[in-house]
Protein chains: 2
Amino acid sequence: MPPKVKTSAEKQAVRTAIMDAARELFIHQGVEAVTMRAVAQQVGYSATSLYLYFSDKDQLLRAVVDADVIKLAQSLKSTLSISDPLQRFLQFGQHYVQFALTNPNHYRMMFMTQHLPCDPAFSSIEQNNHEQDAYSQLIDVVTSAWHAGVFKPTLTDPVLIAQTVWAAMHGLCALQINLADDAWINWRPLEARMQAMVSMCMHGLMKETTHE
Amino acid sequence: MPPKVKTSAEKQAVRTAIMDAARELFIHQGVEAVTMRAVAQQVGYSATSLYLYFSDKDQLLRAVVDADVIKLAQSLKSTLSISDPLQRFLQFGQHYVQFALTNPNHYRMMFMTQHLPCDPAFSSIEQNNHEQDAYSQLIDVVTSAWHAGVFKPTLTDPVLIAQTVWAAMHGLCALQINLADDAWINWRPLEARMQAMVSMCMHGLMKETTHE
DNA sequence: ATCGTTAACTTAACATTGTTATTTTTAAAT
DNA sequence: ATTTAAAAATAACAATGTTAAGTTAACGAT
């Protein structure tokens, strides 16, 4: 029974309701295991109605991921107010890893599964908006630390530094998320690996005087 | 028309034929996009016949991945004969990254997709066999470099060092494979990122005297 | 008030997938 | 020659993403 004519606000509400249901299921069961029918049931619609709001499952996933990237940015935002550039950088990294490891399925969705590349022209995320764009936060955090002179003088490109640190931290998180339960590997405790990675990055990137 | 009674060698041949066909398709189309029917057609069987050789698609994938891990180990083996422990370590790492980036779909299958954890008890790979087990190669390469005294004296656990370096290199490869085409990120050239990562690892882990 | 019109939704239906049940073929054993 | 069972194919099922075809009811125009 369709109680007709929805304001665009109401339509938006349905959209986000669908996204919330989808995210909930994605997170607990993994993207592939979740069916459109299951999402629909969760949100109280028939399966085909989802297609009135999202053109297909990929687009639904893309929308959820975009929203989560914004959430990540929101979560990281708290560290941006730290005044000391070095401390800000360190806390930013720690928050990132913490987010990844406490929300492994979020993280997997965002950075570890192939999906349509994120096109800034059509994304719901505003690029370079610090409220939404975690990557631009990273670039800024590293750049300001760089201006503060914490990095080795041979390192002249803050963006390259940022991408390197990101890769290192991503590797830590990704292996943990995907292979932590693999009996093949005699994993050292996660805490030890995190500490070792941070230590390697600091010694590898910063001036001697900066650490310890 | 079944030309009956196969020796176990013949059965093994069919098994590997199926695996080869599956790998070929997995690599070019991604694991999810490949159907059992497509694999079967490629190998000249009916779809259901695959189930005489593999209990399901997951097991087929697992078998392909195991075989590829062995191939990775074979590929890395060439570096093990380098006599200088430091050079061996560096070449080993470079080969690993090169393998990952020239075989992105192999790599994705092996380390970037969730699948049944690899149980050493039932794996076709012989753990600690240097011909087959790339992880044990890594541990040995790092351990011998450690014994040669190339690492900072504060680093006392070669396994932890190995897992940290692996994570760093994995992060580099994984981001490249999954997000290289993402217009959101203004990626620095791959070469620059590789060089920056290696440099960070070296400065972060090795004695000052060791590099340059 | 009534009558289309159409937005919002549902039910049917389809093609494709992984997988199982059933049946066919045929080489060997008796 | 007849039986047996391995090796394969065909038929068939349930589940999935998705499209096509209805169905319902709120609104605008008369």
Side-chain angles (χ1 to χ4, degrees), chain A residues 1-65 109 113-116, chain B residues 1-65 109 113-116:
Chain A
M1 323 106 184
K4 173 143 129 157
V5 154
K6 287 191 157 148
T7 72
S8 80
E10 285 169 325
K11 277 167 73 168
Q12 191 58 44
V14 174
R15 242 183 93 94
T16 58
I18 294 171
M19 285 167 59
D20 288 345
R23 176 169 24 242
E24 196 65 16
L25 293 173
F26 286 163
I27 286 171
H28 287 93
Q29 311 179 19
V31 172
E32 295 172 42
V34 174
T35 71
M36 295 297 267
R37 284 167 175 85
V39 175
Q41 183 177 358
Q42 195 77 12
V43 77
Y45 277 101
S46 98
T48 52
S49 288
L50 303 196
Y51 291 85
L52 301 174
Y53 296 90
F54 299 92
S55 63
D56 57 23
K57 193 183 178 184
D58 267 348
Q59 293 288 343
L60 173 55
L61 173 61
R62 175 83 265 165
V64 170
V65 168
M109 271 200 310
T113 59
Q114 359 177 214
H115 37 61
L116 320 173
Chain B
M1 324 104 184
K4 162 144 143 165
V5 154
K6 288 191 158 149
T7 72
S8 80
E10 285 169 326
K11 275 166 76 169
Q12 191 57 45
V14 174
R15 242 184 92 93
T16 58
I18 294 171
M19 286 168 57
D20 289 345
R23 176 171 23 242
E24 196 64 17
L25 293 172
F26 287 161
I27 285 170
H28 287 93
Q29 313 180 18
V31 173
E32 295 171 42
V34 175
T35 71
M36 295 297 266
R37 285 168 175 83
V39 175
Q41 184 177 357
Q42 195 75 13
V43 75
Y45 277 102
S46 98
T48 53
S49 287
L50 304 195
Y51 290 85
L52 302 173
Y53 296 90
F54 299 93
S55 63
D56 58 23
K57 193 183 177 184
D58 267 348
Q59 294 289 344
L60 173 56
L61 172 61
R62 175 84 267 166
V64 171
V65 168
M109 273 199 309
T113 59
Q114 0 177 215
H115 38 60
L116 319 173

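Both backbone and side-chain heavy atoms feed into the values below; hydrogens, waters and symmetry mates do not. Chain naming here is simple, since letters A, B, ... match the order of the sequence lines and numbering starts at 1 in each.
- Note on residues 21-30 of chain B: pairs passing salt bridge (charged side-chain N to carboxylate O under 4.0 Å, His left out), not counting sequence neighbours, are B/Asp20-B/Arg23, B/Arg23-B/Asp68.
- Computed from coordinates, the B/Asp58 CG to C/dG18 P distance equals 11 Å when rounded to whole Å.
- Between the A/Glu10 side chain and the A/Thr7 main chain, a donor and an acceptor come within less than 3.5 Å of each other.
- Comparing D/dA9, D/dG17, C/dG18 against the side chain of A/Tyr51 picks out D/dG17 as the nearest.
- In this structure, the OH atom of B/Tyr45 is 10 Å from the P atom of D/dA7, given to the nearest Å.
- Across all strands shown, B/Phe54 has no heavy atoms under 4.0 Å from either base or sugar-phosphate atoms.
- Two residues are said to be in side-chain contact when any heavy atoms from C-beta on lie closer than 4.5 Å; A/Thr113 and A/Val31 fail this criterion.
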Any N/O pairs under 3.5 Å between the protein and nucleotides 14-16 of chain D? List them or say none.
none

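- When every heavy atom of A/Val34 is checked against every heavy atom of A/Lys57, the shortest pair comes out as O-NZ, 2.8 Å.
- How far CG of A/Leu61 is from CZ of A/Phe54: 11.0 Å, rounded to the nearest 0.5 Å.
- Counting heavy atoms from C-beta on, the side chains of A/Arg62 and A/Asp58 never come closer than 4.5 Å.
- Side-chain atoms of B/Leu52 and B/Tyr45, non-hydrogen and from C-beta on, never get closer than 4.5 Å to each other.
- The side chain of B/Tyr53 places an N or O atom within less than 4.0 Å of a non-bridging phosphate oxygen (OP1 or OP2) of D/dA8.
- Summarising the geometry, the separation between CG on B/Leu52 and P on C/dA21 is reported as 13 Å, rounded to the nearest angstrom.
- For the pair A/Leu60 CG and D/dG17 C1', the computed distance is 12 Å after rounding to whole Å.
- Here the P atom of nucleotide D/dA7 and the CG atom of B/Leu50 are 15 Å apart, to the nearest Å.
- For C/dC9, neither phosphate oxygen OP1 nor OP2 lies less than 4.0 angstrom from any side-chain nitrogen or oxygen of A/Ser49.
- Protein atom CD of A/Gln59 is 10 Å distant from nucleotide atom P of D/dT18, rounded to whole Å.
- Counting to the nearest Å, the P atom of C/dT16 and the CG atom of A/Asp56 are 17 Å from each other.
- Taking atom CG on B/Leu61 and atom P on C/dT17, their separation rounds to 17 Å, with Å as the unit.
- No hydrogens or angles were tested; on distance alone, a donor-acceptor pair under 3.5 Å links the side chain of A/Thr48 to the base of C/dT11.
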